[in-house]
Structure formats: C-alpha cells, structure tokens
There are 2 protein chains.
Amino acid sequence: MEKTNHDFLEEETVQEVARTFKALSDPTRIKILYLLTQEECSVGHIAQCLNMTQSAVSHQLSFLKNLRLVKSRRQGQSYFYTYDDEHVIGILKEVINHTLHN
Amino acid sequence: MEKTNHDFLEEETVQEVARTFKALSDPTRIKILYLLTQEECSVGHIAQCLNMTQSAVSHQLSFLKNLRLVKSRRQGQSYFYTYDDEHVIGILKEVINHTLHN
DNA sequence: ACATTATATGAACACTAACTCATATATCGC
DNA sequence: GCGATATATGAGTTAGTGTTCATATAATGT
C-alpha cells in the first residue's frame with residue numbers, strides 16, 4: 001500500500017493513547033487501581049495492603065490523579081481515593097482477565 | 001475493608017499485565033501496530049511511513065516480537081511483519097476509538 | 001498552642017528505555 | 001564471487017521513571 005493510502009493517527013491522539021497505556025504499565029499503579037476497584041481507600045490503607053511506603057503510594061496517586069484516573073476526597077486527616085475513569089478500569093480488568101485465562 | 005478481605009493479584013499476573021500495557025505505552029510502537037492493522041508491512045515501509053530510521057523501527061519490532069505481539073516472514077531480502085495478538089490489537093483499537101471520541 | 005497523625009511534595013539516586021551509529025548477516029542480480 | 005539492498009544487532013548516549021529520604025502542610029485531640 002502506498003504511504004498516502006494509509007490511515008495515520010494524529011500525533012496528539014497517539015500521545016494521548018500512549019499516556020493512557022503508560023498509566024497502566026507499572027505494577028504499583030496496577031495494584032493500586034485494582035485495589036480501588038474493590039473499595040475506596042485511604043493512602044495509608046493502600047500502603048499497608050501493598051507493603052509500600054506512604055511516600056511511594058502518594059507519588060503514584062498524584063500521578064494517577066493528574067491523568068484523572070482517580071479522584072480524592074478529604075475526610076479528617078485522611079484522603080480517600082476512588083477510581084475516576086470507568087473506561088480505563090474496564091480495560092484494566094479485561095487485560096487482567098485475559099492474562100488469568102491464558 | 002480488612003487487608004485479608006481484599007482480592008490480590010499474583011505478582012506474576014501483575015507483571016504480565018504491566019508488560020502488556022508497557023508494549024502499548026510508546027508512541028512509536030502504537031504507530032507501528034496501527035500500521036500493521038492495515039496491512040502486512042516490511043521494515044523499510046514502516047520506517048518510511050513513520051519517518052524513522054530503519055534501525056529504530058527494527059529495534060521496536062524485535063521488542064514487539066519478543067512479546068509475541070507481531071510475527072515476521074521473510075520474502076527475499078525483506079521481512080514482512082504482521083500483528084500476532086488479536087486481543088492486544090483489540091485493546092489498542094478500543095483505546096484509540098475512545099480517545100478519538102472524547 | 002502543641003504534639004500527633006495523615007498526606008503531599010521536592011530533591012536525589014538508581015534503573016530503564018528509546019534512539020543513533022557502526023557493523024554484521026543474509027539475499028538478490030549480475 | 002561481488003556489489004547492492006534489506007534487515008538485525010550491539011554499544012553508547014540521553015532522557016525518563018519509580019523509589020527513598022527529608023521536609024512541608026494540614027487536621028485532630030488535648
């Protein structure tokens with residue numbers, strides 16, 4: 001096929017798609033998001049569940065929040081996080097299931 | 001929820017899921033895979049279409065081949081690549097469409 | 001107001017990843 | 001066999017990523 005006959009994605013589109021997948025490409029972030037599919041979690045709870053430092057978890061949460069994949073609400077001294085992108089969570093679950101059944 | 005009541009993924013599963021998403025997290029690989037959804041391509045053709053060096057494309061193809069996301073056949077001096085994982089291509093298309101319609 | 005608890009944030013560090021450059025390998029036409 | 005073409009591959013470089021450590025911010029209980 002000639003180059004001119006191909007369908008090319010806009011550079012901006014490619015970048016955005018890459019960003020989405022990148023968010024899901026780290027084991028820690030996968031674990032965090034998977035936890036959040038089960039319940040709203042505080043930072044400390046996540047850290048405890050995943051055996052990670054508070055700081056490491058917080059950094060990743062702020063990463064996910066920038067991409068609007070999670071959101072947070074304050075309650076007293078704690079922040080509670082929930083996922084905020086049904087589509088991305090759906091993709092994650094799909095790949096997890098596919099991986100489990102292979 | 002108590003930690004013991006959560007559902008945790010096997011470490012191996014998480015790693016594999018992360019690998020899959022990582023494959024899709026780079027703009028170049030996205031472009032290559034998207035091209036391959038349209039037709040079987042030689043390395044040179046891909047390089048020309050994407051304005052990249054032969055070497056850069058070849059490195060990424062070998063990356064994708066290691067994960068069995070693409071396969072190649074030789075024809076004369078050329079190698080022709082096709083995608084080799086319907087599920088991953090499906091995920092890619094889904095995220096592309098979702099990105100386009102937002 | 002002060003100590004405590006929970007979280008966020010910035011800097012530094014180690015590790016990884018993608019590209020370039022040079023070169024190796026393999027096929028083709030002659 | 002030889003030059004030309006197409007691709008693969010290894011080393012080196014540079015940019016990016018995830019963690020730790022130290023510290024800042026903010027709410028709570030006394």
Side-chain angles (χ1 to χ4, degrees), chain A residues 3 11 14-36 39-82 84, chain B residues 3 11 14-36 39-82 84:
Chain A
K3 176 173 177 178
E11 185 62 28
V14 173
Q15 294 295 332
E16 167 115 17
V17 170
R19 260 193 301 276
T20 300
F21 283 124
K22 175 164 291 185
L24 298 170
S25 72
D26 176 68
T28 297
R29 289 192 292 268
I30 290 172
K31 291 176 193 171
I32 291 175
L33 288 172
Y34 189 68
L35 255 187
L36 294 183
E39 69 169 342
E40 186 185 44
C41 292
S42 72
V43 179
H45 183 66
I46 297 174
Q48 204 175 354
C49 284
L50 304 185
N51 286 315
M52 294 186 54
T53 66
Q54 171 270 320
S55 182
V57 171
S58 185
H59 275 296
Q60 294 298 352
L61 284 170
S62 106
F63 177 99
L64 292 169
K65 197 174 181 183
N66 274 333
L67 293 181
R68 306 197 187 282
L69 300 188
V70 304
K71 63 185 170 192
S72 64
R73 72 182 175 87
R74 178 158 224 159
Q75 182 181 302
Q77 315 169 42
S78 294
Y79 278 99
F80 282 89
Y81 281 82
T82 49
D84 195 29
Chain B
K3 176 173 176 178
E11 184 61 28
V14 174
Q15 294 295 331
E16 167 118 15
V17 171
R19 258 194 302 277
T20 300
F21 284 123
K22 175 162 289 186
L24 298 171
S25 72
D26 175 70
T28 296
R29 289 193 290 271
I30 291 172
K31 290 176 193 171
I32 290 175
L33 288 171
Y34 189 68
L35 255 188
L36 294 183
E39 68 168 342
E40 187 184 44
C41 292
S42 71
V43 179
H45 183 66
I46 296 174
Q48 204 176 354
C49 284
L50 305 185
N51 284 317
M52 295 186 54
T53 66
Q54 172 269 320
S55 182
V57 170
S58 185
H59 276 295
Q60 294 298 351
L61 284 169
S62 107
F63 178 99
L64 292 169
K65 198 175 179 180
N66 275 333
L67 293 181
R68 307 199 186 282
L69 300 188
V70 303
K71 63 185 170 188
S72 64
R73 72 182 174 85
R74 177 158 226 160
Q75 183 181 300
Q77 316 169 40
S78 293
Y79 278 98
F80 282 88
Y81 282 83
T82 50
D84 195 29

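Throughout, protein chains are lettered first and strands after them, A, B, ... in sequence-line order, and every chain is numbered starting at 1.
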*Between B/Phe63 (CZ) and D/dT9 (C1'), how many Å, whole number?*
16 Å
*Are B/His59 and D/dT9 stacked, counting the six-membered base ring, centres under 5.5 Å, planes under 30°?*
yes
_Distance, rounded to the nearest Å, where B/Asp26 contributes CG and D/dA15 contributes P_ = 17 Å
*A/Asn51 CG to D/dT19 C1', straight-line distance once rounded to whole Å*: 15 Å
*Can you check whether B/Val70 reaches B/Leu33 side chain to side chain, under 4.5 Å on heavy atoms?*
yes
_Whole angstroms only, please: what is the CG-P distance between A/Leu64 and D/dT17?_
14 Å
*Does B/Arg68 CZ have over 12 foreign heavy atoms under 6.0 Å away?*
no
*Any chance you could measure A/His45, atom NE2, to A/Tyr81, atom OH, to the nearest 0.5 Å?*
15.0 Å
*asked:* Need to verify one output field. Residue with the more 5' nearest nucleotide on DNA chain C, A/Leu61 or B/Val57?
replied: A/Leu61
*Any chance you could lay out the side-chain contact (heavy atoms from CB on, under 4.5 Å) test for A/Lys71 and A/Thr82, step after step, and finish with the verdict?*
CA-CA 6 Å; A/Lys71 63 185 170 192; A/Thr82 49; 3.4 Å; yes
*Between A/Gln54 and B/Val43, which is nearer to the 5' end of DNA chain D once each is assigned its nearest nucleotide?*
B/Val43
*asked:* Under 4.0 Å, counting only non-hydrogen atoms across every strand here, what does A/Tyr81 touch: a base, just sugar-phosphate, or nothing?
replied: sugar-phosphate
*asked:* How long is the straight-line distance from CD of B/Gln60 back to CG of B/Asp26, given to the nearest 0.5 Å?
replied: 5.0 Å
*asked:* Considering every strand and a 4.0 Å limit on heavy-atom distances, what is the contact class for A/Lys65: base, sugar-phosphate, or nothing?
replied: nothing
*Which distance, rounded to the nearest 0.5 Å, do you find between the CG of B/Leu36 and the CG of B/Leu61?*
7.0 Å
*Taking CZ from A/Arg74 and P from D/dA26, how many angstroms apart are they, rounded to a whole number?*
8 Å
*Can you find a donor-acceptor N/O pair under 3.5 angstrom joining the side chain of A/Ser55 to the base of D/dC21?*
yes
_With a strict under 4.0 Å distance from non-hydrogen atoms of chain B, what nucleotide opens and what nucleotide closes the contacted stretch of DNA chain C, reading 5' to 3'?_
C/dA17 to C/dC28
*asked:* I want to check one thing: is the phosphate of D/dG18, taken as OP1 and OP2, less than 4.0 Å away from some side-chain N or O of A/Arg29?
replied: yes
*Terminal axes of the helix from C/dA1-D/dT30 to C/dC30-D/dG1 (five pairs each): angle between them, nearest 10 degrees*: 20°
*Would you call B/Asp84 and B/Leu64 a side-chain contact if the rule is heavy atoms closer than 4.5 Å?*
no
*Whole angstrom is fine here: how far is it from CG in A/Asn66 over to P in D/dG18?*
13 Å
*Which value, rounded to the nearest 0.5 Å, describes the distance between B/Glu40 atom CD and B/Ser72 atom OG?*
9.5 Å
*asked:* In this structure, how many angstroms lie between the C1' atom of D/dT7 and the CE atom of B/Met52, rounded?
replied: 15 Å
_Just verifying a value: how many Å separate B/Gln77 CD and B/Ser42 OG, rounded to the nearest 0.5 Å?_
11.5 Å
*Tell me which of A/Gln77 and A/Ser58 sits closer to the 5' end of DNA chain C, going by the nucleotide each one is nearest to.*
A/Gln77
*Nearest whole angstrom, please: distance from the P of D/dT17 to the CD1 of A/Ile30.*
16 Å
*Pair A/Glu11 + B/Lys31: basic N to acidic O under 4.0 Å*: yes
*Can you find a side chain N or O atom of A/Gln75 that sits less than 4.0 Å from OP1 or OP2 on D/dA27?*
no
